[in-house]
Amino acid sequence: MKYWLMKSEPDCFSIDDLAKLPDKTTIWDGVRNYQARNIMRDEMKKGDQIFFYHSNAKPPHLAGLAEIVSETPIPDPTQFDPKSQYFDEKSSAENPRWMTVKVKFKKKFKDILPLDRIRSNPKLTNMKLVQKGARLSVQPVEKKEWDEIMAMIGHTNLAY
DNA sequence: GCCAACGTTGGC
DNA sequence: GCCAACGTTGGC
């Protein structure tokens with residue numbers, strides 16, 4: 001099993017939005033970065049664990065946990081929709097350019113973990129998230145980083 | 001709202 | 001294949 005961090009702007013799609021869905025599951029659409037696509041297409045596997053990160057929030061923070069539930073990569077449906085802001089005219093159903101995964105809500109943190117607390121933890125200085133200029137919206141997390149963050153969250157801090 | 005750090009595009 | 005110009009991300 002692998003560990004990942006996925007960013008979303010809460011004004012656009014928050015962890016509460018995910019939790020509110022009937023099956024608490026969504027296709028992670030709208031990613032238009034090749035590095036992120038390659039991770040989702042080639043490296044993410046069913047059962048992998050995800051930190052759900054809220055970017056462009058005040059403060060930016062980790063909001064909870066999710067999990068990959070798709071067995072195989074899924075073509076991002078928004079690339080075929082001319083009305084979508086993510087429409088890609090160079091993509092086709094026969095040869096889709098943007099592949100993604102299906103993600104399911106697991107837990108929401110009662111208390112968020114702000115970015116500055118992650119940044120100030122000396123054990124987490126190598127995390128991609130706190131590297132200068134790290135904009136990648138889908139990124140790998142080392143197991144020891146995952147464990148350290150879960151320790152910072154604490155067992156009593158996992159809401160529904 | 002600013003802007004640094006990246007990523008992408010397209011002319012050559 | 002280089003690289004300047006442009007667009008985007010995302011913290012601050």
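Labels below follow one simple rule: chain letters A, B, ... track the order of the sequence lines, proteins then strands, and each chain is numbered from 1.
- Taking atom CD of residue A:E9 and atom P of nucleotide C:dT8, one finds them 13 Å apart after rounding to whole Å.
- We find that NZ of A:K7 is positioned 11 Å from C1' of B:dC6, with the value rounded to whole Å.
- Counting to the nearest Å, the P atom of C:dC12 and the NZ atom of A:K58 are 13 Å from each other.
- Regarding A:Q131, its CD atom lies at a distance of 15 Å from the P atom of C:dG10, rounded to whole Å.
- A:K128 has its NZ atom 15 Å from the C1' atom of B:dC6, to the nearest Å.
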Please enumerate all protein N or O atoms sitting under 3.5 Å from an N or O of nucleotides 3-5 of chain B, with distances to 0.1 Å.
residue: B:dA5; atom: OP1; partner: A:K132; partner atom: NZ; Å: 3.1

Stepwise salt bridge (charged side-chain N to carboxylate O under 4.0 Å, His left out) check, A:E67 with A:K104: CA-CA 5 Å; A:E67 174 178 353; A:K104 183 167 189 176; over 6 Å; no

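- Ion pairing between a basic and an acidic side chain is recognised when a charged N comes within 4.0 Å of a carboxylate O; A:D16 and A:K20 show no such pairing.
- Rounded to whole angstrom, the span from the CG atom of A:N38 across to the P atom of B:dG7 amounts to 13 Å.
- At B:dT9, none of the side-chain N or O atoms of A:Y34 fall inside 4.0 Å of OP1 or OP2 (strictly under the cut-off).
- Atom CD in A:Q139 sits about 9 Å away from atom P in C:dG10, given to the nearest Å.
- Sequence order on DNA chain B of the closest nucleotides to A:N56 and A:R32 puts A:N56 first from the 5' end.
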Could you walk me through whether A:S91 and A:Q79 satisfy the side-chain hydrogen bond (donor to acceptor under 3.5 Å, both in side chains) test, starting with their C-alpha distance in whole Å, then the side-chain angles of each, then the deciding distance to 0.1 Å, before giving a yes or no? CA-CA 7 Å; A:S91 189; A:Q79 70 192 307; 2.7 Å; yes

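- Looking at heavy-atom distances under 4.0 Å, A:Q35 makes contact with sugar-phosphate atoms alone, never a base.
- Here B:dG7 presents its C1' atom at 14 Å from CZ of A:R37, a figure rounded to the nearest Å.
- A salt bridge between A:D76 and A:R32 is present, with a side-chain N of the basic residue lying under 4.0 Å from a carboxylate O of the acidic one.
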Is there a side-chain hydrogen bond (donor to acceptor under 3.5 Å, both in side chains) between A:K2 and A:Q49 once you walk through the steps? CA-CA 6 Å; A:K2 290 183 182 171; A:Q49 302 297 299; over 6 Å; no

Hey, mind stepping through A:E148 and A:N121 against side-chain hydrogen bond (donor to acceptor under 3.5 Å, both in side chains) and telling me if it holds? CA-CA 9 Å; A:E148 177 61 23; A:N121 183 332; 2.9 Å; yes

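- A heavy-atom distance below 4.5 Å is not found between the side chains of A:Q139 and A:Y53.
- Each of A:K90 and A:N33 lies near DNA chain B, and the nucleotide nearest A:N33 is the one positioned closer to the 5' end.
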